[in-house]
Amino acid sequence: MGNATILAQHEGIFTFEITEKLLDVTIENLKAHKVENTVIKKVRNIYAEIIENIQKYADWIPDYKGTIDPAYTCKSVIQMLNLSTGIGIEIMASNPIRMDEVGPLKARIDDINKRSSRKLRKTHKRAIDETQISEKGGAGLGLLDVAMKSHSNLYATFTKINDELSYYTLEVKFQFKIK
Amino acid sequence: MEKLFIEATKSTPTINFNPQEKYFEIAGQSRPENVSEFFDPIMNWLKEYSYEVSAATATTESPLTFEFKFDYFNSASSKYVLDILKKIKEYQTVGARIEVYWYVEEGDEDIQAAGEEMSKIVKLPFIFMENLDEL
């Protein structure tokens with residue numbers, strides 16, 4: 001395992017503007033490391049999907065009536081690892097979610113991880129044709145998209161904050177071989 | 001019918017729909033802050049245009065040319081891209097000649113795969129083109 005370079009990170013509320021800034025910084029840093037364009041695009045696309053998810057699914061936090069320990073604030077880190085065979089990318093994103101969302105989300109992630117690339121494509125094809133855009137502006141396709149594009153499993157943990165909230169952390173790791 | 005032109009931003013694509021020239025182009029990135037707010041007017045325009053398609057273009061020789069030149073679209077936008085393609089399919093159903101060009105930057109397997117997937121769903125053959133735009 002080689003040295004890790006943080007490409008971008010943020011803690012706090014995720015707005016559209018912050019998402020834009022994180023994507024810009026990530027692209028700039030990858031360019032500075034002379035990473036090829038197709039790889040930069042791929043990383044940007046996966047990272048965009050992950051941080052847009054935080055933006056959409058943590059938008060209730062400003063209206064939350066209780067208090068949330070600052071340790072459970074929304075966070076995201078993307079880092080690059082120089083490997084002997086190429087480069088590795090690790091993305092970690094965390095945000096509080098409502099306790100009743102834990103079961104369905106965990107089930108969805110487990111289901112995605114069980115599927116082969118070919119089956120993921122089939123599921124995606126059906127889902128894109130059948131899903132409706134939610135009130136939050138999502139199509140519920142984000143996690144499927146991330147798994148398909150990264151060709152890797154999604155690692156999720158859920159830590160209880162209190163009776164109402166759980167702290168959801170998603171990690172995705174993928175690599176690009178040197179040609 | 002009036003043209004529809006929406007200038008690109010960093011997170012939304014150019015929309016250049018020119019019914020007089022039968023040329024319809026979408027180009028750039030699509031990850032709008034509010035996906036419905038961006039795409040609903042486009043869907044409404046296409047719905048309105050469908051009345052012209054059935055009345056005039058169905059019998060003419062020249063095709064309606066649709067060019068999709070995406071650098072990237074997020075998962076929420078993908079639903080709307082598919083809706084646009086379904087609308088185009090409806091034009092074909094009433095007799096219009098349709099050509100769909102789907103541009104792919106060299107090595108961009110995700111845009112290529114998305115095009116293939118959508119082409120199958122709407123049962124419209126796409127003409128895949130190489131696009132060399134920089135990031």
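A note on names: the letters A, B, ... follow the listed sequences, proteins ahead of strands, and every chain is numbered from 1. Note that the structure is predicted; figures quoted are calculated from it, not measured.
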Gap between atom [atom2] of [Y] and atom [atom1] of [X] - 0.5 Å precision:
X      : Y      : atom1 : atom2 : value
A:I89  : A:I91  : CD1   : CD1   : 7.0 Å
B:I121 : A:E130 : CD1   : CD    : 9.5 Å
A:I18  : A:T15  : CD1   : OG1   : 3.5 Å

Check the side chains of [Y] and [X] for a donor-acceptor pair under 3.5 angstrom, ignoring hydrogens and angles.
X     : Y     : result
B:S77 : B:N74 : yes
A:S76 : A:Y47 : yes
B:S75 : B:S78 : no

Pair B:Y103-B:E67, side chain to side chain donor-acceptor pair (under 3.5 Å): steps then yes or no: CA-CA 8 Å; B:Y103 287 76; B:E67 295 200 329; 3.1 Å; yes
Residues A:K42 and B:D108 bridged, charged N to O under 4.0 Å: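 No, A:K42 and B:D108 are not salt-bridged.
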Pick from A:E49, A:M148, A:Q55 with the largest number of heavy-atom pairs that fall under 4.5 Å of chain B: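 Of A:E49, A:M148, A:Q55, A:E49 has the most heavy-atom pairs under 4.5 Å with chain B.
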Audit row: A:E90, A:I78, side chain to side chain contact (heavy atoms under 4.5 Å, CB included) steps and yes/no: CA-CA 6 Å; A:E90 292 187 0; A:I78 176 167; over 6 Å; no
Derivation of the side chain to side chain contact (heavy atoms under 4.5 Å, CB included) call for B:K22 and B:T65: CA-CA 6 Å; B:K22 298 181 184 176; B:T65 300; 6.0 Å; no
B:Y91/B:Y49 aromatic ring centres below 6.0 Å: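 Between B:Y91 and B:Y49, the centre distance is under 6.0 Å.
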Close aromatic pair by centroid cut-off 6.0 Å: A:F16 and A:F14: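 No: the rings miss the under 6.0 Å criterion.
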A:D129 portion near chain B, given a 4.5 angstrom heavy-atom threshold: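 Both the backbone and the side chain of A:D129 come within 4.5 Å of chain B.
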Residue A:L144 versus chain B: region with a heavy atom under 4.5 Å: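 Contact with chain B involves no heavy atom of A:L144 at all.
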Proximal to chain B - members of residues 153-165 of chain A, heavy-atom separation under 4.5 Å: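 Residues qualifying by a heavy atom under 4.5 Å from chain B are absent, so none.
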Residues in residues 105-124 of chain A that sit under 4.5 Å from chain B, counting heavy atoms only: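 From residues 105-124 of chain A, the residues near chain B are A:R121, A:H124.
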Residues of residues 109-120 of chain B with any heavy atom under 4.5 Å of a heavy atom in chain A: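 If one takes a 4.5 Å heavy-atom cut-off, the residues of residues 109-120 of chain B near chain A are B:E109, B:D110, B:A113, B:E117, B:M118, B:K120.
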Sequence neighbours excluded and cut-off under 3.5 Å, please list the side-chain donor-acceptor pairs for residues 38-47 of chain B, or say none.
| residue | atom | partner | partner atom | Å |
| --- | --- | --- | --- | --- |
| B:D40 | OD1 | B:Y80 | OH | 3.4 |
| B:N44 | ND2 | B:D40 | O | 3.4 |
| B:W45 | NE1 | B:E2 | O | 3.1 |

CA sep, side-chain torsions, deciding dist, call: A:S94, A:K75, side chain to side chain donor-acceptor pair (under 3.5 Å): CA-CA 5 Å; A:S94 306; A:K75 289 178 197 158; over 6 Å; no
